[in-house]
Trainee: 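Attaching a single structure in structure tokens format; questions to follow.
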Amino acid sequence: MWWKILLFIAMSAMIVISFMTPAPQKMIGESSRIFYYHIPQAWLGVLAFLMSMVYSIKYLMNRRQADDDSAVNAARLGFVFIVLATVTGSIFAKVTWGSFWNWDPRETSVFILLLIYGAYFALRGALDVEEKRAALGAVYSIFAFVTVPFLIFVVPRMVPSLHPEDSIVNSEMKFSMGPIVRMIFFSSLALFTVLYFWMFNLAQRVQRMVRVQMELED
Amino acid sequence: MPNRSAGLANKTLAVYVKDLRLELRTRYALNAILMFGVTTLAVVSFAVGQTGLSPKLLAALYWVIMFFSAMSGLSQGFVREEETGTALALKLTADPTAVYLGKLFFNFSLLSTMTIIITPLFFVFTDAPNDNLAPFVLILILGVIGLCGATTLIAAIIAKAAVKGALFAVLSFPLLLTLLIGLISASQKVFDGQTIMEIGTDLQFLVAYAVIMITGSILLFKFVWQE
Amino acid sequence: MDGNYIALAVTLVVWIGLFFFLMSLNKKVKKLEEKIH
């Protein structure tokens, strides 16, 4: 219980500080504050996808229903976070570069990640036998994840970027983070991760209750 | 060990020959894939006109045509097995890896045949620069292997689903987009006149993609096939 | 600076809303879990 109150206070404080301190990137100005939210969301989208793949492997090895449920829950949450990351990134692109979508390498990768999630849910929707849905969904999830390293390491080098070298998208890892910016950024990352695991835990328990309910009705 | 691998090769060949015979008798997949390719090519070249296309546009158009043709025919192999009920017999007689490799080689033959017919037509229709063919052929071979390597497992997956046609493209596209970006980038450079040495990085990427997809498919295929 | 205050207010409202939604969900699930055990 205590950690929820702590999370609440810390997250609220982080939100207030993130808007009260000077903007993290002077050249871009006030809108650069979105990085305190956008990057943690993108990170959670990828982390959830990774978790979904790990649970998929576990499912194929043990054939336990619970692992499949976990894989789906992780994928659902990851989908929400990746949509949030796409939307916030797109709004930021509009403010900074004048258009919502530029096919920047990172935009391309996030788009493909969205499509993979979409395809995963479409596949599960098209299969009506539960074991079949679980096994084939797991296979697709693992197979799709294999391409993610290409998205992260290779595609950014192959797609010509529209933005000059000094733009923040191409060098966001390098952008000069002062001690305050660094502190806010990493606490935001940590808090969002805690929030994600809480949501994941809740989703798991809700799923379990639904299963129990279904068994009682049978 | 050599005995077992010889057995695998024989079984793979058996699956491949069976599919090839069936295909030669009906020409169902080849007709579909060829007609689709020719139609897409005609539409595209009709829409954009003949001359003055930039290398980038040419490369993109070429791989769009290839992608859609592949989508129209490559799912046939497994769908046919499921629909005619021969999947069960195959499951009992051949081991999964042999089935996968047989289907992979069959898809590779199918797409290669289509490529051999479509590519000259593409050069005729769009007036693409054809003085730098050796690297382009290399890209084509790697591209066809990559396309088949990624889609054969997907074809096996969707054969078990209720709605097959649309699902095949939906599931394949996110995986192929990565490959298509690499293929378009490499083809564009070739149309610009670059040599094999100059596109080395792109070729490495294409080889890595094909190897990873085929290895992943071999490892995962038995889980699909058992369902 | 005005825009910052608006953005801050909106973000805080979204976060507080999400937090209390999760808390209520937590409570409901806990009740169900106790009923079953």
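Here is the naming used below: chain letters follow the sequence lines, and residue numbers restart at 1 for every chain.
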Trainee: Rounded to the nearest 0.5 Å, how far does CZ of B/Phe223 lie from CD1 of A/Ile142?
Mentor: 7.5 Å
Trainee: Quick check on B/Phe221 against chain A: is it the side chain, the backbone, both or neither that has a heavy atom closer than 4.5 Å?
Mentor: neither
Trainee: Applying a criterion of heavy atom separation less than 4.5 Å, what residues of residues 119-131 of chain A form contacts with chain B?
Mentor: A/Ala119, A/Ala122, A/Leu123, A/Ala126, A/Leu127, A/Glu131
Trainee: What part of B/Leu153 is in contact with chain A, defined as an atom under 4.5 angstrom from a non-hydrogen atom: side chain, backbone, both or neither?
Mentor: side chain
Trainee: If I take atom CG from residue B/Leu219 and atom CZ from residue A/Phe143, how far apart are they, to the nearest 0.5 angstrom?
Mentor: 10.5 Å
Trainee: Over 60° means perpendicular and under 30° means parallel, so tell me whether A/Phe150 and B/Phe205 are parallel, tilted or perpendicular.
Mentor: perpendicular
Trainee: Who wins among A/Leu114, A/Val146, A/Leu136 for the most heavy-atom pairs under 4.5 Å with chain B?
Mentor: A/Leu136
Trainee: At under 4.5 Å between heavy atoms, what parts of residues 135-142 of chain B are in contact with chain A? List them by residue number.
Mentor: none
Trainee: B/Ile158 versus chain A, heavy atoms under 4.5 Å apart: side chain, backbone, both or neither?
Mentor: neither
Trainee: Let me confirm one number: the CD1-CG distance from A/Ile116 to B/Leu175, rounded to the nearest 0.5 Å.
Mentor: 6.0 Å
Trainee: Heavy-atom distance under 4.5 Å to chain A: side chain of B/Ala156, backbone, both or neither?
Mentor: neither
Trainee: Under 4.5 Å from any heavy atom of chain A, what part of B/Leu167 do you find: side chain, backbone, both or neither?
Mentor: side chain
